[in-house]
Every structure is written in structure tokens, then in C-alpha cells.
Amino acid sequence: MTGCLYGVGVGPGATDLITLRAHNLITKAKHIAYISTATGESLAYASVSSLIPACTQQHEIIMPMKEPQHIRESIYDQNAIDLEKHIKTGQDMVLLCEGDPCFYGSFIYFYERLSKKIPIEIIPGISSPMASAAALGLPLGTKNDILTILPAILDEETLTTKLRGTNTAAIIKLGRHFKKMKQILENLHLTNCSFYIENVTHPNEYAVPLNEAPEQAPYFSLIIMNKGATS
């Protein structure tokens, strides 16, 4: 008998934006794992910490995000081995995932390593573009619109080409690429139909037209560009 690894999407941050299935798994879990930074920060854990029973055993996976890729890969390798050993004892494990587990989430690195070795079930969650569109009252697509998800870390030529060929774009992973992204949108005359939002669904949520956005963007921020909208 083996247990099951549940990759549970906990949404963009607000505790009441998780699914009923996620709620049931979290509130009944005997073992919960979550990824945190080297300083102990974990949005996924913070989002649902009030729902975790006091008797639940917690397994923190520390991931130093600023370490070289090969170091992070080795951390995933070792923790995947630990998760596999746990599941094969017959016990379930809930692995908390920010947003949706399959949308640019760290969970997928565990899935790639373990999906052929142990039972895994993925519980989808609300991702940040969907939450941001709702907060802005801005559709991500209507009729035959093309929606494109763009990581801002891509090169300028690729971003420019993709933005020209889409009706709507959710631009993620802004951070240090924010200034570059604003300049590209300005060059394409798309600033007036672009909107900036940070910390969506959190108490400090902040959303403005892109031309009113601050000079710097935090990690949890994105831009939604909709060519049919105006700011």
C-alpha cells in the first residue's frame, strides 16, 4: 500500500479563494509540505495556515531562489526522494502550491521526478492572471480573442513579436524586468490598454493603469494588456 502526493493549488493568496477540494484535503491532512525561501517566507503556506490542524506534521522545503540552477535542481532531487519515501510508507502528503500547480509552479519539478514512481493527484487552483482580471474587471478573452501568457524575462524581440500577435496578454515575472516591459509596451503604443496590479487578493492589493504604475515592481505583480480596453 502506498499513499498519495496531492499537489494542492491554494490560489493567489486569499484564504477564501481555494476550492472545496483543496479545503477538505488541507483541513484533514496529517502531513503537509510547502516550499519556502531561505528566509522562511512561503506565500502558499501563509495563504492557508489558519486552516492547517495543530496536529498536522509540517514539512518545510527550503529553496534558496538566488542559488545557481544546479543547486536548486539538487534540492529538488533530494526532496523528491524524501517525498517518495514518505508516500511509499502508505501515508498521504499534501504539497501546497501557490496559484495553480501546473501554472509556472515549483510543483511541476516534483511531478516530473515522481509521477512514474508514486500516485499523484493535482488539485487546480485560481492562478494570478485570473484573479487579476477579476480584480481589474478586465476580460482575458471574449469571442475568438487570442490570450497569451508572457514571462517578462523573455528577450525584447520575442516579447514584441508576441504582443503584436495577440489580443490580450498577461505579463508575469515582472520584477527587475519591469522597466523593459513598460518600454516595450510604450514602443508598441499599448500603454493605454495595459494595467498593472500587485499583491492581488491580499490586503495590500494595488491596481492602476500602467501609466500610473510605480517605477519598481515586486515579485508578486503582473501586467494585463487588452487591446480592446482603455485606461
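What you see below is based on every heavy atom in this structure, not just the backbone, and it leaves out hydrogens, waters and symmetry mates.
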Once you round to the nearest 0.5 Å, how far does [atom1] of [X] lie from [atom2] of [Y]?
X: T168; Y: D145; atom1: OG1; atom2: CG; value: 5.0 Å
X: L190; Y: R164; atom1: CG; atom2: CZ; value: 9.5 Å
X: N167; Y: N226; atom1: CG; atom2: CG; value: 8.0 Å
X: I35; Y: L43; atom1: CD1; atom2: CG; value: 12.0 Å

Exercise. Under 4.5 Å between side-chain heavy atoms, hopping through other hydrophobics if needed: is there a path connecting M181 to Y219?
Worked result: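 In one cluster with M181: Y219, no.
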For this session: Report yes or no: do Y76 and S106 form a side-chain donor-acceptor pair below 3.5 Å?
Result: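 Yes.
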Which pair of non-hydrogen atoms, one from [X] and one from [Y], has the smallest distance, and what is that distance?
X: C193; Y: A229; answer: CB-O, 2.9 Å
X: M225; Y: S194; answer: CG-OG, 3.3 Å
X: P129; Y: A170; answer: CB-CB, 3.9 Å

For this session: Check whether any side-chain N or O of T191 sits under 3.5 Å from a backbone N or O of N211 as a donor-acceptor pair, and report yes or no.
Result: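 Answer holds: no.
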Exercise. Do the charged groups of D77 and R113 touch, with an N to O distance under 4.0 Å?
Worked result: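 Yes, charged N to carboxylate O under 4.0 Å.
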For this session: Considering only Ile, Leu, Val, Met, Phe, Trp and Tyr, and joining two whenever side-chain heavy atoms are under 4.5 Å apart, list the other residues clustered with Y34.
Result: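 In the cluster with Y34 are Y6, V8, V10, I18, L25, I26, I32, Y45, V48, L51, I52, V94, L96, I123.
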For this session: Check L159, L154, D155 against K180 for a side chain to side chain contact (heavy atoms under 4.5 Å, CB included) and give me the one that passes.
Result: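 It is L159, the one option of L159, L154, D155 that forms the side chain to side chain contact (heavy atoms under 4.5 Å, CB included) with K180.
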Problem set entry | Partner of I171 under side chain to side chain contact (heavy atoms under 4.5 Å, CB included), chosen from I149, L163, I224, I184 |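 Of the listed options, the one satisfying the test is L163.
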Exercise. Taking the six-membered ring for Trp, are Y206 and Y196 parallel (under 30°), tilted (30 to 60°) or perpendicular (over 60°)?
Worked result: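 Perpendicular.
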